[in-house]
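As the structure is a computational prediction, the values presented were derived from the model and not from experiment. The chains referred to below are lettered A, B, ... by the order of the sequence lines, with proteins before strands, and numbering in each begins at 1.
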Amino acid sequence: MFKIIEKDGSAKRGSFETVHGTIQTPVFMNVGTAAAIKGAVSTVDLKEIGTLVELSNTYHLHVRPGDEVIYKLGGLHKFMNWDRPILTDSGGFQVFSLAGLRKIKEEGVTFQSHVNGQRIFMGPEESMQIQSNLASTIAMAFDECPPSVAERSYVEDSVARTTRWLSRCRTEMDRLNQQERTINKNQMLFAINQGAIFPDIRKEHAKIISDMKFDGYAIGGLAVGESHAEMYSMIEATVPFLPKDRPVYLMGVGTPENILEAVERGVDFFDCVYPTRNGRHGHVYTNQGKLNLFNAQYETDDRPIEEGCQCPACKNYSRAYIRHLLKAKEMLGMRLPVLHNLYFYNKMMEEIREAIENHTFYEYKKKKLEGMKQK
RNA sequence: GGAUGGAUUCCCGAGUGGCCAAAGGGGGCAGACUGUAAAUCUGUUAGCAGCGCUUUCGAAGGUUCGAAUCCUUCUCCAUCCA
């Protein structure tokens, strides 16, 4: 159940009820593809840095350790000791990112495992079965994510196929949720809108999938090479045609700026590898802009990443120390920036929620963006 | 005291007459990354702002149109024999 608590322009402050607790939106889901936040971050750490939702991946967990293994162990929540909501991505993005290792047909996609080269078939039904075994809170529909530069005729065919896949996902998920063996019989399912950078295709697709019964609606296939302006205008072309009583999830986005712009345009859910990947690479977010802790200027910088930050890294360690750890390739050198970045994102979402409630979202956004431009 | 093998750009190390400011690796410096095949990838690393020019391959001389590469002497290092 999605409830809109407050609105500030198109920006929404909402709550989304799930069997694993209520999600306060807008929310940033912390990405842990293989049932782990990369950078040696545990689910115990996630509680400390304010993570509300964890995100894992269907394809990756199917390949290793295998969804049947996780099913036997009682589902993903028990497996990784996390009691808050988990969203599983369907493997649709891997159709895109593992290009070269796959073949797309009407029934589904044949992948070649990146782990051992084994051929794997995944279609809408398989993706739902795997996600049902994983027993995540929210499952994502199985889609194709065409590149933003794809030709119109290809995108039209691809989107039409994604629509057919969506309805097969819906049917299969309904069936699975009624099965006795199913761990989470209330598993929710989000649809995915596609259409590359063609606003009319996006709009038509949004209308069609709105009539199908889904618990939430995602905008996929963005932030894959197109400009920010194009991305924002695709959001604008899509959101108005999605159901008002369902949350909107912008997949894979993005930078703090992207998120602020998207919240303003009515998006509720986000996820992105940036805070984790950038963290591992020594890039950290602050209200004064991004820092690359590898840079020589931090060699003797005794300050925390950000003055006053309450994250585990800033409360205890200096930039100079973290730089040393990074240069020495110590695991802690990746862990501390990741903790900081996720804390930064989670905290920003908290501030966004508060700002919408207080109808000060625009001021908040403006101030945040100006601050971050300093560097 | 004698014999042999070495000394290369920040480090290791290739190069045995011109295509060499010199391979490759490391280190350094910087950049990229948006539903994670990412602890990954890219650029750069003698000087000058440049076609280019100037200084570099232990040191000093020499041979040659041309030398990191050949010759002479010296210095230092390693191993072996006394």
| query | A/Lys329 NZ to B/G28 C1': how many Å, rounded? | reply | 11 Å
| remark: Rounded to whole Å, the CD-C1' distance (A/Gln131 to B/G35) equals 12 Å
| task | Determine the minimum heavy-atom distance between A/Ala206 and A/Leu242, stating which atoms define it. | result | CB-CD2, 3.8 Å
| said: Please confirm whether the shortest side-chain N or O distance from A/Lys38 to OP1 or OP2 of B/A37 is below 4.0 Å. | reply: no
| request: Hunt down the Watson-Crick or G-U wobble partner of B/G47, both distances under 3.5 Å, from any strand shown, or write none. | output: B/C53
| query | When A/Val41 is tested against each of A/Thr43, A/Val44, A/Asp45 for side chain to side chain contact (heavy atoms under 4.5 Å, CB included), which residue passes? | reply | A/Asp45
| query | The side chain of A/Ala223 lies closest to which of these nucleotides: B/U34, B/C29, B/G35? | reply | B/U34
| said: What's the closest nucleotide to the side chain of A/Asp89 if the choices are B/G27, B/G35, B/U34? | reply: B/G35
| field | cation_pi(A/Arg323, A/Phe294) dist<6.0 Å, angle<=45 | value | no
| query | Checking all strands, does A/Gln194 fall into the base, sugar-phosphate, or nothing category for heavy-atom contacts under 4.0 angstrom? | reply | base
| message | For A/Glu6, is there an ion pair with A/Arg353 - N to carboxylate O distance below 4.0 angstrom? | response | no
| request: State which of B/G35, B/C33, B/U36 makes the closest approach to the side chain of A/Ile192. | output: B/G35
| note | The side chain to side chain contact (heavy atoms under 4.5 Å, CB included) partner of A/Leu222 among A/Glu230, A/His228, A/Met251, A/Arg202 is A/Arg202
| query | Charged N to carboxylate O under 4.0 angstrom, A/Arg265 versus A/Glu261? | reply | yes
| remark: On a heavy-atom basis, the closest approach of A/Val155 and A/Ala196 is CG2-CB, 3.8 Å
| Separation of the P atoms in B/U42 and B/C76, to the nearest angstrom | 46 Å
| request: In whole angstrom, give the distance that lies between atom CG of A/Asp268 and atom P of B/G35. | output: 19 Å
| query | Base, sugar-phosphate, or nothing: which does A/Gly221 touch, judged by heavy atoms less than 4.0 Å apart? | reply | base
| query | What is the pairing partner of B/C10, taking Watson-Crick or G-U wobble pairs with both distances under 3.5 Å in any strand? | reply | B/G26
| task | Check every strand shown and say whether A/Thr276 touches a base, only sugar-phosphate, or nothing at a heavy-atom separation below 4.0 Å. | result | base
| When all nucleic acid strands are considered with a 4.0 Å heavy-atom cut-off, which category describes A/Leu101: base, sugar-phosphate, or nothing? | base
| task | Can you check whether any acceptor in the base of B/A38 is under 3.5 Å from a donor in the side chain of A/Arg277, or vice versa? | result | yes
| Pick one: which of A/Thr25, A/Asn193, A/Thr238, A/Ile219 meets side chain to side chain contact (heavy atoms under 4.5 Å, CB included) with A/Val248? | A/Ile219
| For A/Gln94 and B/A37, is the shortest distance between a side-chain N/O and OP1 or OP2 below 4.0 Å? | yes
| Looking at A/Glu370 and A/Lys373, does any basic side-chain N land under 4.0 Å from a carboxylate oxygen? | no
| Between A/Tyr249 and A/Phe269, how do the two ring planes meet: parallel, tilted or perpendicular, split at 30° and 60°? | tilted
| What integer distance in Å separates A/Phe142:CZ from B/G35:P? | 17 Å
| message | So, under a plain 3.5 Å distance rule, would you say the side chain of A/His228 forms a donor-acceptor pair with the base of B/U34? | response | yes
| request: Return the value, rounded to whole Å, for the distance between atom CG of A/Asn258 and atom P of B/U34. | output: 11 Å
| message | Looking at A/Lys327, I'd like to know whether one of its side-chain N or O atoms comes within less than 4.0 Å of OP1 or OP2 on B/G27. | response | no
| message | Please name the nucleotide paired to B/C41 by Watson-Crick or G-U wobble geometry with both distances under 3.5 Å, or report none. | response | B/G31
| Just to confirm, is there a sub-4.0 Å distance from OP1 or OP2 of B/A37 to any side-chain nitrogen or oxygen of A/Ser113? | no
Identify the pairs formed between an N or O of the protein and an N or O of nucleotides 30-32 of chain B at a distance under 3.5 Å, and give each distance.
unit_1, atom_1, unit_2, atom_2, d
B/A30, OP2, A/Ala296, N, 3.0
B/G31, OP2, A/Asn292, ND2, 3.1
B/G31, OP2, A/Asn295, ND2, 3.3

| query | Rounded to the Å, how far apart are A/Met29 CE and B/U34 C1'? | reply | 13 Å
| task | With a 3.5 angstrom cut-off on both distances, give the Watson-Crick or G-U wobble partner of B/C19, or none if there isn't one. | result | none
| Any donor-acceptor N/O pair under 3.5 Å between B/G35 base and A/Asn57 side chain | no
| note | When rounded to whole Å, the CZ to C1' distance for the pair A/Phe93 and B/U36 reads 8 Å
| query | Just how far, in rounded Å, is C1' of B/U34 from CD of A/Glu261? | reply | 15 Å
| task | Could you let me know what B/U79 is paired to, Watson-Crick or G-U wobble, both distances under 3.5 Å, or none if it's on its own? | result | B/A3
| task | Using heavy atoms to find the nearest nucleotide of RNA chain B for A/Met231 and A/Glu330 separately, return the residue whose nucleotide is more 5′. | result | A/Met231
| task | Please give the nucleotide sitting opposite B/G58 as a Watson-Crick or G-U wobble pair, both distances under 3.5 Å, or none. | result | B/C74
| remark: Of the listed B/C33, B/G35, B/A37, the closest approach to the A/Asp271 side chain comes from B/G35
